[in-house]
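Labels below follow one simple rule: chain letters A, B, ... track the order of the sequence lines, proteins then strands, and each chain is numbered from 1.
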Amino acid sequence: MSKPSLPQGTRDFGPEVVRKRQYIFNTIRTVFELYGFQPLETPAMENLETLMGKYGEEGDKLIFRILNNGLDNPDKQQQARADFEKVLEGKNVKGITERALKYDLTIPFARYVAMNHGQLTFPFKRYQIQPVWRADRPQRGRYREFYQCDADMVGSNSLLNEVELANIYNDVFTQLGIDQYELRINSRKILAALAELCGGADKMIDITIAIDKLDKIGLDKVKAELEQRGLNEEQISTIEKYLNITGNNREKLQQITALIGHLETGKKGIEELEYLDNNSQIDNRHSPLVLDFTLARGLNYYTGIIFEAKAPATVKIGSIGGGGRYNDLTGLFGVPNIPGVGISFGVDRIYDVMEELQLFPENVAIGTQVLFFNLGADESTMAFSHMQSLRKQGVRCELFHEPTKMDKQFKYAEKKNIGFVIIIGSQELQNGTCVVKNLKTGIQETIPVANLTSKLFI
RNA sequence: GAGGUUGUAGCUCAGUUGGUUAGAGCGCUAGAUUGUGGUUCUAGAGGUCGAGGGUUCGAAACCCUUCAUCCUCCCCA
């Protein structure tokens, strides 16, 4: 028997961590509900063909596939061998694998909408908080199983949706105390116009992949990569002009207009960003909305505005959320003309940011509020009955599991971060009283047991 | 998929050039303390040195293989 272990890139969450994570989930969920989004859950696994080809070539490799059961059935051995040969050639064969763990929440949502579009009321606004899996190599802030919190609305082209989503970001991060975050925005239309300006719409992917790295590797290396990706000197110089756009949002818009405003898609993109910038009435100490024309985002189904929430610069974690508009997501599933826009929160990274900046409120760690000491048979019977009265009032409490030295019972309370202990010993039993001790302050008082239920244990 | 790092007690880590019986701090258990925790003091338990093989009189240390881990790139949350 070898030592027990976890699959690579997965984690257990102990009680304290779960509490903190739930605090984040609950905050996000509450804000989603506040904006009229409805919950949705989809299965952990999808048919492989639902997922394949939706995340680009790189994405396909990162999908966790599930091996079919019954491959060892002797009757089907020959077929299995033949099928496996094809797998070795890099093909997907239904005989070997036809299901996969979901890779994100957006595609399963699109599948759901495509299957149910006849029944849904549009615009349909849903939120979804579930784990997803990626066969990625784990590293800092990156796991093979992690939660996504998505909110999408489909069936509307209105830019009002983008405005709402920007405000959801702001509400959530402000409530969590991450008020130095930045919400970067760009439009795929701007990027498309840039590609057009460089003479080839087909170059868009090459260009975006390269310029997305600007803040990471610097201008020179971006230019080198562009060259390597087959762009000529003139095109690179155009892109350099594009990358040199600086200033506040208004100034950036002026400069981008000069560069690509004469192009149809460029003009549209600029209008969208202008609208979003003017109408997101985000009142914050610093305005989190930052136009960033280098922002590209990997998922290739985005067509309009794209978002990326960045952690405060002091914590080197980068993106803590992202999203954007897609014009025709369900078209992939045979239901065309349903546009949508959505955002996602990266809970695991938000957790790391909050931990680093010490933003969790102290009381998230409190489970049990009151521990009743166990000081004998009669004493604990009395304690039990009072404990049940407190529980009826919603006070979380427990009775120590066996009569033992007070020393032990105190230490148990301390380790579990229980704020109060209630002592009912022989004296108290006789007098109909109890001792209530606040472990934080060390102050204790003796009160009649009848008064217990009127006390607040916080 | 490519490159690198580190694996020693429950946790964080020492361990000299390869040399006797592998250490510390924290944590854990018990006692000092028969109705008062946090501090202090004392004692105790706890190890296949990641695993397998090799070199050697002798390996935690050197070599090979393998597994795990963390990091960087690609890509992404």
Can you tell which of [options] lies closest to the side chain of [X]?
X	options	value
Lys411(A)	A77(B), C71(B), G38(B)	G38(B)
Phe410(A)	C71(B), G37(B), G35(B)	G37(B)
Lys408(A)	A30(B), U36(B), U69(B)	A30(B)
Ser319(A)	A77(B), U72(B), G31(B)	A77(B)
Met406(A)	G35(B), A77(B), G37(B)	G35(B)
Arg349(A)	G3(B), U36(B), C76(B)	C76(B)
Asp407(A)	U36(B), G31(B), G37(B)	G37(B)
Lys437(A)	G35(B), G37(B), A77(B)	G37(B)
Glu414(A)	A2(B), A77(B), G38(B)	G38(B)

Subject >> Residues that Phe457(A) engages under ring-ring contact (aromatic ring centres under 6.0 Å, His included), provided they are two or more places apart >> reply: Phe420(A)
With sequence neighbours excluded, residues passing salt bridge (charged side-chain N to carboxylate O under 4.0 Å, His left out) with [X]:
X	answer
Glu58(A)	none
Glu85(A)	none
Lys411(A)	Asp407(A)

Pair [X] and [Y], ring centroids less than 6.0 Å apart:
X	Y	value
Tyr351(A)	Phe360(A)	yes
Phe373(A)	Phe400(A)	no
Phe345(A)	Tyr147(A)	no
Phe37(A)	Phe124(A)	no

Interatomic distance where [atom1] belongs to [X] and [atom2] belongs to [N] [whole Å]:
X	N	atom1	atom2	answer
Ile422(A)	G35(B)	CD1	C1'	16 Å
Asp352(A)	C71(B)	CG	P	10 Å
Gln409(A)	U36(B)	CD	P	13 Å
Arg137(A)	A68(B)	CZ	C1'	12 Å
Ile320(A)	C76(B)	CD1	C1'	15 Å
Asp136(A)	C76(B)	CG	P	10 Å

Distance-only check: which donor-acceptor pairs under 3.5 Å involve side-chain atoms of residues 27-36 of chain A, not counting sequence neighbours?
residue, atom, partner, partner atom, Å
Thr27(A), OG1, Tyr23(A), O, 2.7
Arg29(A), NH1, Asn26(A), OD1, 2.9
Thr30(A), OG1, Asn26(A), O, 2.6
Glu33(A), OE2, Tyr127(A), OH, 2.6
Tyr35(A), OH, Asp171(A), OD2, 2.8

**OP:** Map Gly346(A) and Lys440(A) onto RNA chain B by nearest heavy atom, then report which one ends up closer to the 5' terminus.
**Re:** Lys440(A)
**OP:** Report the residue (Pro7(A) or Asp348(A)) whose heavy-atom-nearest nucleotide on RNA chain B is the more 5′ of the two.
**Re:** Pro7(A)
Original post:
In terms of side-chain geometry, is the basic nitrogen of Asp152(A) or Arg126(A) positioned less than 4.0 Å from the acidic oxygen of its partner?
Top reply: yes
Regarding [X], tell me which of base, sugar-phosphate or nothing describes its non-hydrogen contacts under 4.0 Å with the strands shown.
X	value
Gln8(A)	sugar-phosphate
Gly59(A)	nothing
Gly322(A)	nothing
Ile350(A)	nothing
Tyr147(A)	nothing

Please measure how far the [atom1] atom in [N] lies from the corresponding atom in [M], and state the result in whole Å.
N	M	atom1	value
U12(B)	U33(B)	C1'	32 Å
G31(B)	U69(B)	P	41 Å
A61(B)	C71(B)	P	27 Å
A2(B)	C67(B)	P	13 Å
A60(B)	G47(B)	C1'	11 Å
A45(B)	U5(B)	P	39 Å

Original post:
Quick one: the side chain of Glu58(A) and the base of G1(B), do they pair up donor-acceptor inside 3.5 Å?
Top reply: no
Subject >> Sorted by number, the residues of residues 371-386 of chain A with heavy-atom contact under 4.0 Å to RNA chain B >> reply: none
Original post:
Would Arg134(A) count as a cation-pi partner of Tyr103(A), with NZ or CZ less than 6.0 Å from the six-membered ring centre and within 45° of the ring normal?
Top reply: yes
**OP:** Mark this stacking check for Phe345(A) against A77(B) as yes or no, applying ring centres under 5.5 Å and ring planes under 30°.
**Re:** no
Original post:
Which pairs count as salt bridge (charged side-chain N to carboxylate O under 4.0 Å, His left out) when at least one residue sits in residues 442-458 of chain A, sequence neighbours excluded?
Top reply: Glu445(A)-Lys455(A)
Subject >> salt bridge (charged side-chain N to carboxylate O under 4.0 Å, His left out) pairs, two or more places apart, involving residues 347-357 of chain A >> reply: Arg11(A)-Asp348(A), Lys20(A)-Glu355(A), Arg21(A)-Asp348(A), Arg140(A)-Glu356(A)
Any side-chain N or O of [X] under 4.0 Å from OP1/OP2 of [N]?
X	N	answer
Gln139(A)	U72(B)	yes
Lys213(A)	C73(B)	no
Gln444(A)	U36(B)	no
Lys415(A)	G27(B)	no

Original post:
Where does RNA chain B form stems of at least three consecutive Watson-Crick or G-U wobble pairs, each pair having both distances below 3.5 Å?
Top reply: B:1-4 with B:70-73, B:10-13 with B:23-26, B:28-32 with B:40-44, B:50-54 with B:62-66
**OP:** Report, as a single string ordered 5' to 3', how protein heavy atoms within less than 4.0 Å touch nucleotides 39-45 of chain B: B base, S sugar-phosphate only, - not at all.
**Re:** -------
Subject >> Qualifying side chain to side chain donor-acceptor pair (under 3.5 Å) pairs, either residue in residues 368-382 of chain A, two or more places apart >> reply: Thr368(A)-Glu398(A)
Listing, residues 424-437 of chain A side-chain donor-acceptor contacts under 3.5 Å, not counting sequence neighbours, or none:
residue, atom, partner, partner atom, Å
Glu428(A), OE1, Gly425(A), N, 2.9
Asn431(A), ND2, Gln427(A), O, 3.4

